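Note that the coordinates shown come from a computational prediction; the quantities given were computed from them, not determined experimentally. Just so we're on the same page: letters track the sequence lines, and every chain starts at 1. Side-chain atoms are counted along with the backbone in the values below, which use heavy atoms only and exclude waters and symmetry mates.
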Number of protein chains: 2
Amino acid sequence: MVEKLGLRERKKQRTRQALIEAAVRLFENKGYDHVTVAEIADAAEVSPRTFFLHFQAKEDVLLANADLRVDLALQTIAECRAEERLPELLVRAMDQMIANAWDSDLSSGLAALRTRLAASVPALQARLLQRYLTAQAELAQALQRAFPDRLDAITASALVGAMVGAVSASALTALQRGDGPAEVRNAMREAMALVARSVP
Amino acid sequence: MVEKLGLRERKKQRTRQALIEAAVRLFENKGYDHVTVAEIADAAEVSPRTFFLHFQAKEDVLLANADLRVDLALQTIAECRAEERLPELLVRAMDQMIANAWDSDLSSGLAALRTRLAASVPALQARLLQRYLTAQAELAQALQRAFPDRLDAITASALVGAMVGAVSASALTALQRGDGPAEVRNAMREAMALVARSVP
DNA sequence: CGAATTGATGCATACTATGCATCGATACAT
DNA sequence: ATGTATCGATGCATAGTATGCATCAATTCG
């Protein structure tokens, strides 16, 4: 699926990418707080004004491709077989998000940087949580749409909330006590299994 | 338990309260975004600089007494009987937080204002979520301390994360579709029951 | 009573974020 | 091909948040 983008769009993506790379490099060297938007723009050789044309806020440069992953999970839910058991579907959708995050952000080291910074930068942590919340709402809506006879809106959001809450909380504690990637992923799986048991 | 505070401390609390009340009044009249810190300070008849001496950020003025509730829940967990079933304890602790929030913020109308604004003001929403996260971590830690033989750190945080996630998600959807207080509280109870089933 | 503590204040400043007008390159229709 | 519309990038101006620092003044304590 090679996208056939016009020259204009390609240029736009190029400056966007330049901004991301400049930001990541600067964050790693000087620390998030000691990097200004002006510096990022300067390093990417664009106007400071242009930064905010691509990202709503300074934090968003580190959450660049998160939406794609959510879309992936939404698609998984929408395309499920009607007989599929509910918790298994959810587990599958979330597993896919995790796997995708692993692949796409591991190579660039973005995932590691993000988790490291999220632990120490309140503003970034807040933004991340906000994304989780909107993603949750979308997932719940999709789930309820997929099983309108088995789920009401409240139960759907409770279920998704429990799943996401459990996974992120366990992942966070695992990360904070210094676990490696494998252990973290294991913690997430355990959390999912725990919640999955609560639904018939 | 009447606190015997010095004059200095009493004055400090008075300006703090004045700031809160001024802020709430202004938010209700003009909307969160159209009220500046300078205005709040002015209405409370203090210097703008003083505002940031009492609150880390503009949002915090609306989360003034949240910590007290968390402490309450922590105490409940710490004082539990050793034989108590785990999910029931958690439900009890969270139920208490909810009840306390109802009582203490209902009279001032603060709770209503907060939920209304949190739905429409991203910055406030972010701050609220952040509080939830730290509260979760504290609850998980307390829970694990109370049952060191039955729970490891990962499972504890997963459990608490699931509980808090389910409750807040269902409460939010209930609020967003215009449910009244009673229905919201009912949604929260259902969510808790759902998660409680997943633990032996 | 004198000295230390501490809340409040004023001033200066860095930075984020947005609105608005404009320029110029790309895209498109005739 | 040429004129026109679109849209990304830019510069300028500005509002507003948040912090550091020095200082004042009231309370607290020795």
Side-chain angles (χ1 to χ4, degrees), chain A residues 3-23 26-27 29-64 117 120-128 130, chain B residues 3-23 26-27 29-64 117 120-128 130:
Chain A
E3 306 289 351
K4 192 181 169 186
L5 296 172
L7 175 57
R8 182 179 272 168
E9 185 65 18
R10 264 177 290 153
K11 278 193 178 177
K12 188 180 177 183
Q13 294 305 323
R14 213 182 302 156
T15 65
R16 180 187 166 88
Q17 200 56 35
L19 282 168
I20 295 175
E21 283 165 18
L26 286 169
F27 289 161
N29 290 340
K30 306 177 58 178
Y32 183 88
D33 294 321
H34 300 89
V35 176
T36 71
V37 172
E39 282 176 302
I40 300 174
D42 200 55
E45 293 183 310
V46 291
S47 157
R49 192 68 185 79
T50 301
F51 180 94
F52 292 103
L53 197 132
H54 285 268
F55 305 100
Q56 281 201 354
K58 183 182 165 186
E59 303 93 64
D60 287 27
V61 78
L62 282 170
L63 309 174
L117 290 182
S120 62
V121 181
L124 185 56
Q125 188 182 86
R127 196 69 166 199
L128 244 177
Q130 226 175 337
Chain B
E3 308 289 351
K4 192 183 172 188
L5 297 172
L7 175 56
R8 182 178 270 169
E9 186 65 18
R10 264 179 289 152
K11 279 192 178 177
K12 188 180 176 182
Q13 294 305 323
R14 212 182 302 154
T15 64
R16 179 186 166 89
Q17 200 56 36
L19 282 167
I20 294 175
E21 283 165 18
L26 286 170
F27 289 160
N29 291 340
K30 306 177 58 179
Y32 183 88
D33 295 321
H34 300 90
V35 176
T36 71
V37 172
E39 282 177 304
I40 300 173
D42 200 57
E45 293 184 309
V46 292
S47 157
R49 190 71 185 79
T50 301
F51 179 93
F52 291 103
L53 197 133
H54 286 269
F55 305 100
Q56 281 202 354
K58 183 181 165 187
E59 302 94 65
D60 287 27
V61 79
L62 282 170
L63 309 173
L117 290 182
S120 61
V121 182
L124 185 57
Q125 188 183 87
R127 197 70 166 194
L128 245 177
Q130 226 175 336

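- By the 6.0 Å contact criterion, CD on A:Q13 is enclosed, its count of non-hydrogen atoms from other residues, nucleotides or ligands being greater than 12.
- Considering OG1 of B:T15 and NE2 of B:H54, their distance stands at 3.0 Å, rounded to 0.5 Å.
- Checked by atom type and distance alone, the side chain of A:Q130 pairs as donor or acceptor with a backbone atom of B:P122 at under 3.5 Å.
- The separation between A:Y32 atom OH and C:dC15 atom C1' is 12 Å, rounded to whole Å.
- Only at 4.0 angstrom or more do the heavy atoms of residues 37-45 of chain B sit from any atom of DNA chain C, so none qualifies.
- A:H34 has its NE2 atom 13 Å from the C1' atom of C:dC15, to the nearest Å.
- Atom-to-atom, NE2 of B:H54 to P of D:dT17 comes out at 17 Å; the value is rounded to the nearest Å.
- Residue whose closest nucleotide on DNA chain D sits further toward the 5' end, between A:P48 and B:D33: A:P48.
- How far CG of A:L19 is from CZ of A:F55: 5.5 Å, rounded to the nearest 0.5 Å.
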| note | Its contact letters, B for base, S for sugar-phosphate only and - for none at protein heavy atoms under 4.0 Å, make nucleotides 19-30 of chain C read BB----BBS---

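- Proximity of B:T15 to the phosphate of C:dA8: a side-chain N or O atom is located under 4.0 Å from OP1 or OP2.
- Rounding to whole angstrom units, CG of residue A:L53 and C1' of D:dT10 are separated by 10 Å.
- Distance CZ (B:F52) to C1' (D:dT19): 9 Å, rounded to an integer number of Å.
- In this structure, CG of B:L26 is placed 16 Å from C1' of D:dG16, rounded to the nearest angstrom.
- Rounding to whole angstrom units, CZ of residue A:F51 and P of C:dA17 are separated by 8 Å.
- Few gaps surround CD on B:E9; more than 12 heavy atoms of other groups in view lie less than 6.0 Å from it.
- Look at A:T50 and you'll find a side-chain N or O under 4.0 angstrom from OP1 or OP2 of D:dT10.
- Summarising the geometry, the separation between NZ on B:K12 and C1' on D:dT27 is reported as 14 Å, rounded to the nearest angstrom.
- Here A:S47 reaches the OP1 or OP2 of D:dG11: one of its side-chain N or O atoms lies under 4.0 Å away.
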